[in-house]
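Written below as structure tokens is the structure these notes are about.
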Amino acid sequence: MPSLDAIWENYICTGELSREEIVHLLELEDNGEQARLLNLADRVRRENLGDEVHLRGIIEFSNYCVRDCLYCGIRRSNRKLVRYRMTPDEIVATAAQAVAMGFKTVVLQSGDDFYYTGPMIAEIIRAVKEMGVAVTVSAGERPRTDYVQWREAGADRYLLKFETSDAALYNRLHPGTSLDRRLRYLRDLRELGYQLGSGNMVGLPGQTPATLADDILLMGSLQLEMAGIGPFLPHPATPLQGTDPGTMSMTLKVLAIARLLMPRAHLPATTALGSVNVDGRRAGLLAGANVLMLNLTPLEYRSLYEIYPAKAEIRTEPARLKAEAEELIHSLGRQVSTGYGHGYLHEATNVNLSLATEKPPHWACLARGSGSEGRG
Ligand code: 5AD
């Protein structure tokens with residue numbers, strides 16, 4: 001049985017973790033060992049990215065969705081949900097408020113809603129890009145021609161989670177589609193030059209430490225520039241109602257291991273993590289995360305974007321959310337980034353060029369070899 005120490009020793013020399021080692025780390029118990037893992041991830045985050053935390057403002061512009069994902073509260077079959085669509089003008093006006101508040105990234109998120117044509121969303125992207133911010137789009141699986149147009153309109157990033165790397169589980173959870181198809185979309189987006197964001201849910205029914213290890217390895221092999229890792233939270237209006245939610249502890253371990261394997265990726269302390277525990281986002285920021293995503297959806301719509309129940313931040317005004325996030329960041333002795341927070345593969349476009357100097361994960365190993373630093 002490998003020990004945490006042995007795994008760390010090997011990791012700092014190679015930058016790698018085997019599937020078996022990841023499974024071992026995921027099975028660490030809450031007896032001090034787990035806390036050590038989270039601390040090591042915090043250290044890797046600091047060494048590679050410093051103490052800046054990036055704030056992203058999300059606008060959830062439509063809760064219509066053609067998909068029927070078994071876990072999701074806005075799935076097509078949930079007839080109880082009141083549906084809304086923001087007009088392009090409303091979306092652009094909300095983005096302008098975000099920019100006025102100082103956000104450097106606006107995330108445009110929705111269900112898979114084909115009411116918005118490719119050109120409609122391209123126009124929205126163009127209008128938001130004129131405000132001088134980075135734009136992330138998260139509008140699901142669309143024809144490649146839409147992705148092309150949106151990129152041409154200036155979209156910088158795309159967020160499309162793979163949710164689970166277990167093909168059979170993916171199939172059960174996502175009727176009528178497949179993991180292969182999802183991965184094809186991700187490859188397309190990468191080819192088109194998007195900064196690529198993806199990620200998973202932790203605690204899905206049927207998931208095991210082995211499949212979670214595969215999730216983390218998949219994130220690494222996709223060279224994600226952003227990975228969203230959140231606990232699964234059963235929604236009462238879905239077929240998964242009554243199943244167990246993902247735990248904060250397992251989510252933090254997945255986050256920490258993802259940080260070890262992706263030392264320079266942007267990893268948010270997710271809203272879902274903040275929903276499973278009041279201290280979830282703080283704990284995430286101390287276990288490898290370096291991003292907070294704040295919900296700027298107008299309050300009249302926000303409670304309707306109920307992908308999971310009891311979503312945090314459902315009633316808080318944007319200015320207050322931002323103030324609370326800043327307070328959290330400062331209380332950890334960290335700073336709010338003033339840059340765009342682009343992905344590490346796209347830093348030529350980043351104002352902060354100091355981060356562009358490569359710092360491989362084996363720095364500590366080299367230092368140890370020269371006798372200047374021991375393992376800490
Ligand atoms: N619990 C947790 N996360 C969920 N998502 C959707 N439904 C749930 C749920 N019940 C997440 C998925 C999706 C993102 C927008 O929200 O990971 O990609």
Side-chain angles (χ1 to χ4, degrees), residues 56 58-78 80-81 107-113 136-142 157-166 169-170 172-175 177 179 181-183 185-186 189 196-207 212 215-216 218-219 222 224 226-248 250-251 254-255 258 267-277 280-281 284 291 293-295 297 302 304-314:
R56 322 289 202 197
I58 317 180
I59 305 170
E60 297 156 337
F61 62 89
S62 163
N63 70 350
Y64 280 81
C65 193
V66 299
R67 318 260 173 229
D68 219 14
C69 309
L70 264 62
Y71 47 81
C72 188
I74 70 170
R75 65 200 300 265
R76 181 181 71 211
S77 299
N78 181 5
K80 289 185 214 145
L81 183 67
V107 183
L108 301 172
Q109 185 166 80
S110 68
D112 290 25
D113 183 3
T136 302
V137 183
S138 180
E141 295 184 358
R142 302 279 299 217
R157 313 181 187 136
Y158 205 93
L159 172 57
L160 184 69
K161 292 176 66 170
F162 61 74
E163 316 293 0
T164 175
S165 63
D166 177 337
L169 179 58
Y170 189 98
R172 264 195 314 247
L173 295 175
H174 305 98
T177 178
L179 179 63
R181 185 180 143 114
R182 193 67 150 194
L183 296 177
Y185 279 101
L186 285 169
L189 289 162
L196 196 59
S198 190
N200 71 343
M201 278 183 282
V202 177
L204 290 165
Q207 217 173 24
L212 278 172
D215 288 1
I216 302 168
L218 178 57
M219 291 177 203
L222 288 170
L224 299 183
M226 182 277 198
I229 295 164
F232 157 66
L233 300 165
H235 188 292
T238 66
L240 297 185
Q241 64 169 117
T243 54
D244 290 334
T247 64
M248 166 140 126
M250 186 55 88
T251 308
V254 174
L255 172 64
L267 302 180
T270 55
T271 309
L273 189 53
S275 300
V276 85
N277 185 297
R281 289 192 318 168
V291 173
M293 302 180 71
L294 307 188
N295 193 332
T297 308
R302 218 187 282 169
L304 300 175
Y305 203 83
E306 200 190 53
I307 48 187
Y308 49 82
K311 217 167 119 203
E313 306 178 346
I314 220 81

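Note that ligands are numbered from 1 as they come in the structure, with each ligand's atoms numbered from 1 the same way.
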Validation row: L196, L224 side chains within 4.5 angstrom (heavy atoms):
yes

Would S165 and D215 satisfy side chain to side chain donor-acceptor pair (under 3.5 Å), going step by step from the backbone distance to the final call?
CA-CA 5 Å; S165 63; D215 288 1; 2.5 Å; yes

Applying side-chain contact (heavy atoms from CB on, under 4.5 Å) to T270 and not counting sequence neighbours gives P231, P268, A272, L273

Set out, in order, the CA-CA distance, both residues' side-chain angles and the distance that settles salt bridge (Lys or Arg N to Asp or Glu O under 4.0 Å) for E141 and R182, then state yes or no.
CA-CA 8 Å; E141 295 184 358; R182 193 67 150 194; 2.9 Å; yes

Protein residues having a heavy atom less than 4.0 Å from any atom of ligand 1:
Y71, C72, K161, E163, M201, P231, F232, L233, I307, Y308

Could you pull out the closest heavy-atom pair between T251 and I229, with the gap in Å?
CG2-O, 3.9 Å

Can you tell me which residue among K161, Q109, R157 is in a side chain to side chain donor-acceptor pair (under 3.5 Å) with S138?
Q109

